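Here is how names work: the chains are called A, B, and so on, in the same order as the sequence lines, proteins then strands, and each is numbered from 1. Predicted model, so just to flag it, every value in this text is computed and none were measured.
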Amino acid sequence: MSVRVGVVLFPGSNRDIDAINGLTVAGAEPVILWHEQADLDGVSAILLPGGFAYGDYLRAGVIARFSPVMRSVAAFAGRGGPVLGICNGFQVLAEAGLVPGALLRNRGLRFVCRQVSLRAEHLDTPFTRELAGAGPLRMPVAHGEGCYFADDATLDALEADGRVLWRYVGEDGEVAAPDERANPNGSLRGIAGVRNAAGNVAGLMPHPETAVESILGSDDGLGILRSLVVSAREYAQTGELSGVRAAAAVAAS
Amino acid sequence: MTVDAPPLHRALGLADVELDAIRDRLGRDPNDLELAMFSVMWSEHCSYKSSRPLLRTLPTTGDDVVAGVGEQAGVIAIGDGLAVAFKIESHNHPSAVEPYQGAATGVGGILRDVFAMGARPIAVLDALRFGDPSDARTRHLVDGVVRGVGGYGNCVGVPTVGGELVFDPSYQGNPLVNVMAIGLLEDGKLTRASADGPGNLVVLYGSATGRDGIGGASVLASATFGTQDPSKRPAVQVGDPFAEKLLIEATLELIAKGLVVSIQDLGAAGVTCAVSETADRAGTGVLVDLDAIPRREPGLEPFEVMISESQERMVAIVEPGRWEAVRAVCQRWDLPVAVIGRVTEEPDIVVLTADGAGALDTDGRPVEAARELARIPARALASEAIVFERESRQPARRRAAPAPGAPLEPVDALPLRGQDPGAVLLALLGSPNLSSRHPVYEQYDSNVQSNTVAAPGRGAAVLRIKGTTKALVAATDGNAPVGAIDPWLGAAWSVAEAARNVSITGARPLGVTNCLNYGDPTRPEAFWQLAEGVRGLGDACRALGVPVTGGNVSLYNEAPGSAIDPTPEIGIVGLLADVATLVGPAFTGDDHAIVLVGEAAAGLAGSEYERLAGAAPEDGPPALDLERERRLQAFIREAIARGLVGSCQDVSGGGLAVAVAEMAIWGGTGARLRLPVGDSPAVALFGESPSRLVVETLPRHAPALELLARHHGLPVETVGTTGGARLMIELTGGRGATGAAEERGGSIADALDVPVADLRHAWEHGLNRALGWDAPWAGAAEGAR
Amino acid sequence: MSAYRFAVNVTPKPGILDPQGRAVERSLPHLGIEGVSAVRVGRRVELTVDADDEAAARAVVETLASELLSNPLIEAYRVERAADAAAVGS
Amino acid sequence: MSAYRFAVNVTPKPGILDPQGRAVERSLPHLGIEGVSAVRVGRRVELTVDADDEAAARAVVETLASELLSNPLIEAYRVERAADAAAVGS
Ligand SMILES: Nc1ncnc2c1ncn2[C@@H]1O[C@H](COP(=O)(O)OP(=O)(O)O)[C@@H](O)[C@H]1O
Ligand SMILES: [Mg+2]
């Protein structure tokens, strides 16, 4: 039986089409979660898709954060359910404080759409467990505000805690510094994606859901979506996720 | 009115004969509101008053054409219960005034034309033309226009998958911004803009109405831009792509649920245009309740409400019983919605007000307090707008094309003398018009919706159609330099090139949309260019068997003292039956055969080589044989279908050398060619004569490929092999020789010999350098806004 | 109830990267402008609040500024009364 | 020479559509906020000018504001002295 994965639809979301396609290819049953609904329709994982929720006016992701559905998403995350935010979805999660850091305007002050290379930093998480190796993974970025920022202490803590999940890498496989072309937006320490302290909520700027078929230029993103689907299935069956920490441990850390 | 004040009709841009024609149609004098409505509807932009007689000559029919010229967008059936809708439109003048918003609202407008027909927009292409890239004003325009196209398209979630960017001095005072949109619709969802059914409601939904673009249609499209009358400065329209995204979803939902009789977008001339055109198509009229139109600000005059060009609005014709359901859909998408009128049998547009209290009762009858502000027959505003037979005069020609078969003159000997042809190739690849456009298209989301098989950068865009094996292939092309010399040739050439770009992927061209960018039609020379352009467009489409399904005419592209070169912009969509057979333009491997189909013709005029090396005054552009072009395209489609083609590129800007260099750069492998030089190495290497292809094939397939080409009556020769890290082209057997060889006294031409890495470097960095975008402060001003 | 017009100035916090501010600084030489430094680009939001008194109105603005208009991780804000209390259509 | 700190407030002109302002207004119900209207979203640019006197400094800011920081077709600007004259590191 295929597992139900929610795709949150805000006014202005536009990669919902891609998310639905990607999840379908990855073997899940996508379920649209309208921004005004509080009920999560029994989904076992949630994907916040890309786009421009509320036009990204003011600041990407900020208005969407106040939608009724986001209260339910936060509660679902609090219960340990797997949540993945992609691009605008990452921005919404960051604005909502569900993942650490902020996404600033791209350092080059222009929207950037091109293929990038990612390296997965950990392969034992709900979002990377199905990856064959660390990478490099080829997939597109498409955003104007994707420069990952947190203060140095926070960054150190994230790294020490294993919460940096993906980084931009150059052709040599090395992490791309903020001023290198392989780092499309100037993100600090090449960070493309992170997760929360418990480990069940993650966000990334690149688009694995658009890189799920070789005809689209790459299927390297499939491993990330499959990981989410496997995690959803596990969560549906056991109410827990492997590779995450119990809430008590998080509170203590 | 004081004696000195110009009469109102002239202030609105209407000529005296037009006022007479209006009196004629009304049987009385128009009042001021009526005059304002006529002035926007009879603008060139809405009425096509100069071009309509020409456009009637175009071939517009085809077996699969579901909707064509006269509709908001052309629609062609593609099987599997699907159809494709597409259309191109200009936003030149607004973009010259305010590049970001001009371009952004251009994208918004053309998308509305497509989804108003019931199609989900799946792609945008932008064809852009500017003056000198080193000029500060040009840079400001490029930066703003590109940000505007991206800012809008990215937000609405429609990928921008192709287009053009050309720099030429003729656009210095008058940039061109043409945008094409493509949509996909299911059979049975086609929705026409026709106000059928007297008694039905006229529903306005989308953004509220403000003072945006008042008079923009008439002032911008009908007056020469740049005259210094500040009162003609239109209010700039600001686009709201977020509102457009909601409008797309709401409109498609209304259509999917079968809630509307008809839909039309609001563009130029606003409510006036939408109600008069929809009524005219149905032979009905509309009672407009002015009071019911939602406003963004207080104090709007009736004429402002009627002609405002506020963006992101649509009009739907709705049966009364469906109104509540329509309202619910709009409210779900958070869009203001209101009943603003009723369809009537009496074929007049009647504007009513009860001083803000609502002029129509719930049954659609005028309330007692209602006053009639305007009454005009719908057809007088729309299909029976005035038409002018403009005077046409051929200017003394600057240069003529050499007659077909004329001996090849070495007109190029001078520029090339003493030059290593490799250096010329590097200069061409790094030039503003031929270098990689990635600094521009990387600012566009090109893969949202997960359909993009071939993204911008390498020839035509390819979009797979989910749930089928099919793909759509799309391109825009417009050749102005050739058209400046011979406007017939420029237009026919543009069609040939656009169609060729589709055919070389293996796809069959379905239909053509076009944007005719020309000068002031009241100048006989400019009108002649337009007439010749339309003739060339029609001839080429007939010869290639591709119908014209729509388009747009943009006239008065003149800055004080200069007109643009005539620029017929062709947008084309083709269908690939099986996306697995798609052929790209990048070399696919080493030791493959390189086959040249077609042969070089004389003439370097209008080429990028000429732009670089200077013009030879006695030279003309090469000829175009439309019948040969048809056979060439039939040949390549057949060759691809039979699996004989590894990669294919047509010879266009920069000539054969640039075509092969691109294939090498993109494929990451070099090549070695021996090229019959004829009499002119420059013509052989850099000439842009049409109807030629470079085809890569497996060595064992080369004989079959050659045979097939001969079957189609095409000259063909295997000229080389792929592989290695360099591009080497030996020139053989000609009288002329490249300069370097001559200087050594040799009679055998030099080889062109350049590492592919150098070619790539020149090609990748050229545009950033030309625009100054490689400087650390690049784009600062615009970016900081 | 009266109408009070406020402005909220949102600026990047000290130490936070401000590429827009830097871009402005870098472009100054090309405009022939000298002596300008420490450019910071932020947002300004003007709004009208209907409330019983100014304190109540200001409380609404503070909520809005801290929860919606600024991101405390990266931005600071300041609320001020705006001179032109006249409401402007949006 | 002294250092003067200024702020330039750039706002959409009256009558010009302000999609950002509209979006903020429409999101307020989600925040449970009432009574807010006429929201206009613009930019605020703060900068330090080294000049002989305040008039000279202000002249520089005016040039900058009209030529670089605002788009006169759709935006209005106002220059003001910024309270915190202390330069903030960018
Ligand atoms: N150059 C052209 N070639 C063919 N058809 C054209 C051309 N220009 C305009 N048309 C057709 O005339 C009709 C009116 O054009 P236009 O006013 O631009 O459309 P719309 O009202 O949908 O914006 C459309 O059907 C359009 O396709
Ligand atoms: Mg239209």
What are the atom names and distances for all donor-acceptor pairs below 3.5 Å between chain A and chain D?
{"unit_1": "A/L58", "atom_1": "N", "unit_2": "D/Q20", "atom_2": "OE1", "d": "2.7"}

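With sequence neighbours excluded, no residue satisfies ring-ring contact (aromatic ring centres under 6.0 Å, His included) with A/F10. Under the ring-ring contact (aromatic ring centres under 6.0 Å, His included) criterion, A/F76 pairs with A/Y235, sequence neighbours left out. For A/D152, the salt bridge (Lys or Arg N to Asp or Glu O under 4.0 Å) partners are A/R189, not counting sequence neighbours.
Both the backbone and the side chain of A/L58 have a heavy atom closer than 4.5 Å to some heavy atom of chain D.
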